[in-house]
Structures are given as structure tokens and as C-alpha cells.
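One structure is given below, encoded as C-alpha cells.
The structure displayed is predicted, hence computed values, not measured ones. Positions are given from 1 along the sequence.
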Amino acid sequence: MAPSLYWWAKETHRGTPVVVKMDNPNNWSMVELESPTEEDFMYPNDAVQKGGRNKNAKQLTWVLLLKAHKAAGCLTSIAAAFFSLAAIVRRRVASGRTDSTDTSTAENPAVKSRFYTCIKIFLWLSLLLLGFEIAAYFKGWHFKTPDLQLKYLYTLTNGITVRDLFDSVYSRWVLIRVEYLAPPLQFLANVCILLFLVQSLDRLVLCLGCFWIKFRNVKPVAKQGLLDLESGDGGDGYFPMVLVQIPMCNEKEVYQQSIAAVCNLEWPKGKLLIQVLDDSDDPTTQYLIKEEVLKWQQNGANIIYRHRVNREGYKAGNLKSAMNCSYVKDYEFVVIFDADFQPNPDFLQRTVPHFKDNEELGLVQARWSFVNKDENLLTRLQLINLAFHFEVEQQVNGIFLNFFGFNGTAGVWRIKALEESGGWLERTTVEDMDIAVRAHLHGWKFIFLNDVECQCELPESYEAYRKQQHRWHSGPMQLFRLCLPAIIQSKISIWKKGNIIFLFFLLRKLILPFYSFTLFCIILPMTMFIPEATLPSWVVCYVPATMSFLSILPAPKSFPFIVPYLLFENTMSVTKFNAMISGLFQLGSAYEWVVTKKSGRSSEGDLVSLVEKQPKQHQRGSSEPNLEEMREEIIQKEKRESKKKKHNRIYTKELALAFLLLTAAARSLLSAQGIHFYFLLFQGVSFLLVGLDLIGEQVE
């Protein structure tokens, strides 16, 4: 068929000009009307083929109208978004709830005040410089190339007079930038770029190791397959004595589902003991947990309740106190589940057999899965980080090094390994990492099981997530200070010492938060006001995008969130950097333990499955826990919580950095730096959204 021919029609269709399209000019039955595109009006010579090519004034009019319509729609959307944001800001400010007025935060007030003061100084300085640069720009001080700027400075230094006082001041400012400010800033930028590349190389190596594991289908294999409970008391099965511990503290939202899940573990009853280690200081929570334990005791579960009056040592102190019980010596292994964890019934059958005939094995760690991973944007972004941590970091380190950081829960420890390593110590807020490092120094090996999952919850509010991350990033620095002499003096090989010191601690726990905050939140904005120091485009855009792509590979369904993930990770660098400094220099906030807020999310199907697997025998005077009671309590809890007034907080550090980055973005427009402008703009908006607590659920 011949190519389609286009004809301009003089008529209009319902008041709109149209283009007549014919596949064959001699066959008018094939004529159809199409709405004209903008290109049809812009290039009429390509479309007009009848009676010669000519322009029509009406066509240009319609082009202008189309463009005006698009511009009006865009302005309307921007205006609506601006007014909505302004209303949110007004409500946040009126509520008066800021992170500075929050007394429950783990951060030391003096440290937080100094850190916030430094950010404010940078902000006010950037605003002053922005006004100065704008004034200079309109007076003709805009240099498109460094050569032009240097040539102009050369004329200044050789006696050329300037026109007025402003020109004199600005010329001196440019000379100060070139001679005194740019060199140290460029040096610091180069150091951070080097650290950035080293950390990116480490991440690339981890991803290659994970790919090799997947390609070769390498995974730990137990010497005995899935155990058969029917032979539990015979001679064929491997059923050692197992102690299960559930430490909790004021976690009334999740105690029922965790206790129910653990009581349904498939293991011989005579070889399983469950300890509920309650550190709650709320009498109501204590009573509810104690009643729940009593119910399961009456239904045949071998479970006991322990409560400490003094919460000394937090979780580590709780576990240490429980291990001092006289009956613990009868058990060979101990399993730890945090209060929000719900193991599958076959958890012990899939983990404990790895210890058989493997006397060097001290820990078997299972992977976490999340019941609320799709709850909001915050939980989706956390999923990306944790999926990479388990799928890549833990799995690769477990296969190639037999060492990784214990995750504090969903793990099986050989009690002998705990005792030889010194047991639980209360010296840091990362007791799990502490015991893992000491066990590794004593020669114990670890196994990570990527195919054994244990369900838990992700923090749904930014406040809860921020406190959790502060503890997770301050604790390793405390531990590094305390463990460094022991690592150096240990009898393990040199390369294992190097791995712990340089990779495990320095690169992944110290360097990562340092360069993330310093490079992208401080140095990059400063280079906009001191343009003689530069950051290449590949540092700002291409390498971070590549690293984000690698990080998101273990969670392929999260690919639509790759840009928010990149921006949010840089936003969280403020909290992580502050926590790292607190832990490294032993500031007060590094020793505070704040329990992560739980919501108790569990589907009705989960409750049904737990009840169906519950023992059916009745003890005298028992009150069997059933689905109706559990559902009724959940409904009542939701009603009570719905009546509570919820507030959002304003996070001052994040807001100050938001305005700093947006100010730097405005300055970058004067230098026409495209990639730098867009990065600063979107990163500033990201800080603004987090600072106004617009990510995640509201907190009480």
C-alpha cells in the first residue's frame, strides 16, 4: 500500500482543526479524521501537498494555544502542590512537635544541638552567598568557563581598576576562593571520592560473589535431611535439647503472635523449653504476657515466664540473666526470637541439623521476611536495604568467610560457643554483633541459610526507623573501640583480622556513613558556591545510580523505587553520620537503648493457622486461646488506638539540610550545571519531605 498522504482541511471538527488522512487519494472512502499533533502545525510543509505548500496564520495560533494550555496546566499543578505543601508546613509548625522537643529520643541533646548548629551555620552562609552571587550575576559576573574567570582575575591582579565597591569586594572574594578555599575543599572532595569508589568496589565484589553463588547453586547442606518427629525419641533422629528465648519489653502489640508461633514449633516437647523474658515496666503488659504464657502452659507447652525488676543492660542483660538459670546446663542449643518474629513450625528442623557432626559450627542464622513490606513507601525502601543485606552481604560472607554479624534474632547458637566467647555483655547496644565478633575470634564458624525465613515487622514510622538506625550505627563504633585490641592480639589469620578491621568495621560501618553525608550533603552544595572546586558528573549521577541498581537487584519488584531509594539513603546519612560520631567518640546518646515501635501486623490467616496447629488437649481449669478471643482483642486494641490523637514531628536537621541543598540548587542555575542542579533539587525535596515527616505512618 502506498504511503499515507496528509491534507490540511479548511473545515473544523467540533470547533477543532483536523487533518485529513488518506491512504489512497483516489479512494475517498478511506478518509478518516485525526486530531492534529503539534508537529503538524510546526512543520506544515511536510503535511501540505495539495495546491502547493503554504502557511496559515490559524495554524500558528493553534500552536500558541496548545502551548499556552500545557503551560497553564503545569502552572496549575505546581500551584496546587505548593499550596498543599504550605498547608502541611503550617500544620506541622502549629503543632509544635519537633525532634528537639522529643524527650524519648536516643540522641544526646547537647550533641544534637551542636550538630544542628553546624548545619544552620552552613545554611545561613549559603543564603548569604546566594544573594551575593545573584547580585554579582546581574552585574555581569558570570563566567561560562574557568579560563575566562582566570583571565579576568589576571587583569585584576595587574592593576585594572574596577567600576565600584561591589566589584572590588566580589573580585577579592573570587581571589580568596581560588587561592584559599578551593584547594582544601577539592582535596577533601577527592578523598571522599576515593572512599566512595572503594566502597562501590566492595559492593560490586559482593554482588559478583552473590552471582557466583546463584550460578553454581552453592548453599549449606545439613548432613541429615528434614527430621521426622515420629523418630524423635528413637535412635534415628537428631533431636538435641533446645532452649528458645523470646526477649521483650513493653511490646503488647506483638507478644501473642510471637508466643503462639514459638509454641507451635515442631520439636519433641521433652527436648524443648521456651523462655519468655519480659523486661516490661508496664503492669498491664506484664499481666497480659503472663496470662498468655499461662494459657499455653495449660495446653501442654513447655514454656516459662521470667521478669526482671531492674532493666540493667537492656536486651543483653536480659539474655545474660536468663542464661544464668541452673537448668540451662541441660540444653545444647539456644534459639533467640525477638518479640515481633514469627518462625514457621519447621524452623528448628531446618536449622538444628546443620550442627550434627560439625563441632566447629557456632551459629546458624536464618533470613528475615516481612509481613508489612508493602505498607508504605518507608517499608518498601527498607525492604531494598535489608534484601541486599541478607541476599548479598550475609550470604556471601557466610559462604566464603564463615563469618558475618549475628542479626540478634532468628538464629541458633551452640551454648558452648556462647560460653567460650564470654557470654552476653552489656557494654554496647549491639550485643548481637559483639558476641559474633568474639565467637569468630575464638575460631567458631557461622552458617547463613538464605532459604529459611522468619517473618517479622519493619518500622512503619520515620521516628521509629530513625531511632533504630541510630542504635544500629552507633553500636558498631562502640564495639570497634572495645574490640580492636582483642582483634589485633587474637590468634586468627592476618587476612581474617584485615577483613574484620577494614571491611567489616571501617569500610561498611564508618566510611559509608561518613562519605555519604560529607560528599553529598556538605561538599556538593559547597562546590556550587566555590565553583573552583568541582565534583565530576559521574560522581554525582552515574556511580550512585549504578550502586543503587546493584542494591535493588535482590528485590526486583522494587525497581520502580530506585530513584526514591537513592535519595532516601542520602537523606538517612544525616542520622547515620550523627550516630557513627556518637559511637566513635563515646558520646552519651551511643549508650541509650530505645525499643523499636511495633504495630502488631498479622493477617487473620496467620491467626487461623496458629490456632489450628494449637494442641487440642484440655487441662483442668484451662482457658484455651482461640481465634475469637485473639480477634476480639485486636479489634479492641485498634479501637483504642484510633481514639488516640496522632502527631507528626518536624525534624530540624533534615529541614535545615533541605533548605541548604535547595539554596545550592538555585546557585547551580547561575552556572548552568544540569546534572548537579537536578540532583540538588531532588535531594533537597527528599530532605524536605522527611523533615516534615511525610514519609511513613504517623506516630503517636
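Counting all heavy atoms, side chain and backbone alike, P459 lies closest to Q468 at CG-NE2, 3.8 Å. Of all heavy-atom pairs spanning S171 and S168, the tightest one is OG-O, 2.7 Å. Closest of all the heavy-atom pairs between S200 and V543 is OG-CG1, 3.8 Å. Between L204 and L550, the shortest heavy-atom contact is CD1-CD1, 4.0 Å. Nearest heavy atom pair, residue Y651 against residue V690, reads CD1-O, 3.4 Å. Here the closest non-hydrogen pair linking T663 and S126 is CG2-O, 3.6 Å.
For Q683 and T571, the side-chain atoms include at least one donor-acceptor pair closer than 3.5 Å. No side-chain donor-acceptor contact under 3.5 Å links N578 and H473.
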#### Entry: N372/E460 under side-chain hydrogen bond (donor to acceptor under 3.5 Å, both in side chains): CA gap, chis, key distance, verdict
CA-CA 8 Å; N372 60 339; E460 296 180 7; 2.9 Å; yes
### Query
Does the pair F502 and V198 meet the rule for a side-chain contact (heavy atoms from CB on, under 4.5 Å), with working shown?
CA-CA 11 Å; F502 295 106; V198 172; over 6 Å; no
### Task
Mind running side-chain contact (heavy atoms from CB on, under 4.5 Å) on F514 and C192 for me, showing each step along the way?
CA-CA 9 Å; F514 171 78; C192 288; 4.2 Å; yes
### Query
How far apart are the C-alpha atoms of M433 and F504, what are their side-chain angles, what is the distance that settles it, and do they pass the side-chain contact (heavy atoms from CB on, under 4.5 Å) test?
CA-CA 11 Å; M433 185 181 295; F504 186 76; 3.9 Å; yes
### Query
Could you go step by step and tell me if R427 and Q478 meet the side-chain hydrogen bond (donor to acceptor under 3.5 Å, both in side chains) rule?
CA-CA 8 Å; R427 57 182 182 175; Q478 305 172 44; over 6 Å; no
#### Entry: Candidate pair F529 and F132, rule ring pair (Phe, Tyr, Trp, His ring centres under 6.0 Å), full reasoning
CA-CA 10 Å; F529 299 99; F132 196 36; over 10 Å; no
### Message
Under the criterion side-chain contact (heavy atoms from CB on, under 4.5 Å), I'd like the reasoning laid out for V574 against L657: C-alpha separation, chi angles, the key distance, then a yes or no.
### Response
CA-CA 9 Å; V574 183; L657 278 168; 3.2 Å; yes
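Side chains of R466 and E654 form a contact here, defined as non-hydrogen atoms less than 4.5 Å apart. A heavy-atom distance below 4.5 Å is not found between the side chains of L689 and I695. Counting heavy atoms from C-beta outward, T428 and L482 have side chains that approach closer than 4.5 Å. Within the 4.5 Å cutoff, side-chain heavy atoms of T518 are placed close to those of F577. Between L680 and L662, every side-chain heavy-atom pair lies at or beyond the 4.5 Å cut-off. Contact annotation: the side chain of L524 approaches that of H676 to within less than 4.5 Å [non-hydrogen atoms, C-beta and beyond]. Residues E569 and L381 form no side-chain contact, since every pair of their non-hydrogen atoms from C-beta on lies 4.5 Å or further apart. Using a 4.5 Å cut-off on side-chain heavy atoms (C-beta onward), M526 and I522 make contact.
The neighbour count for F549 CZ, taken as heavy atoms of other residues, nucleotides or ligands under 6.0 Å away, does not exceed 12. More than 12 heavy atoms of other residues, nucleotides or ligands lie within 6.0 Å of CZ in F480, so this atom counts as buried by the packing criterion.
None of L503, L201, V392 except one satisfies the side-chain contact (heavy atoms from CB on, under 4.5 Å) rule with L206; the exception is V392. The one candidate from Y515, W538, Y542 that meets the ring pair (Phe, Tyr, Trp, His ring centres under 6.0 Å) condition with F196 is Y515.
Taking CG from L535 and CG from L519, the interatomic distance works out to 5.5 Å, rounded to the nearest 0.5 Å. With rounding to the nearest 0.5 Å, the separation of CG in D432 from CH2 in W472 is 9.0 Å. With values rounded to the nearest 0.5 angstrom, M547 atom CE is found 11.5 Å from L566 atom CG. The distance from the CG atom of L130 to the CG atom of L125 is 11.5 Å, given to the nearest 0.5 Å. One finds the CG atom of L185 at 5.0 Å from the CD1 atom of I530 (value rounded to the nearest 0.5 Å). Atom CD in Q382 sits 11.5 Å away from atom OH in Y565 (nearest 0.5 Å).
Classified by interplanar angle (parallel below 30°, tilted 30° to 60°, perpendicular above 60°), the ring pair F682/Y678 is parallel.
Of the possible donor and acceptor atoms, one in the side chain of S573 sits under 3.5 Å from a partner among the backbone N and O of N570. Under a 3.5 Å cut-off, the side chain of R380 and the backbone N or O of S558 do not form any donor-acceptor pair.
Contact check on E133 versus R177 returns a salt bridge, with a Lys/Arg side-chain nitrogen under 4.0 Å from an Asp/Glu carboxylate oxygen. Salt-bridge formation is not detected for the pair K373/E457: no Lys NZ or Arg NE/NH1/NH2 atom is positioned less than 4.0 Å from an Asp or Glu carboxylate oxygen.
In summary, the aromatic rings of F687 and F659 are positioned with their centroids too far apart to meet the 6.0 Å limit. Between F561 and F568, a ring centre-to-centre spacing not shorter than 6.0 Å is recorded.
Relative to the six-membered ring of F517, K576 misses at least one condition, a distance below 6.0 Å or an angle of at most 45° to the axis. Geometric assessment of R203 against the ring of F388 yields a positive cation-pi assignment under the 6.0 Å and 45° thresholds.
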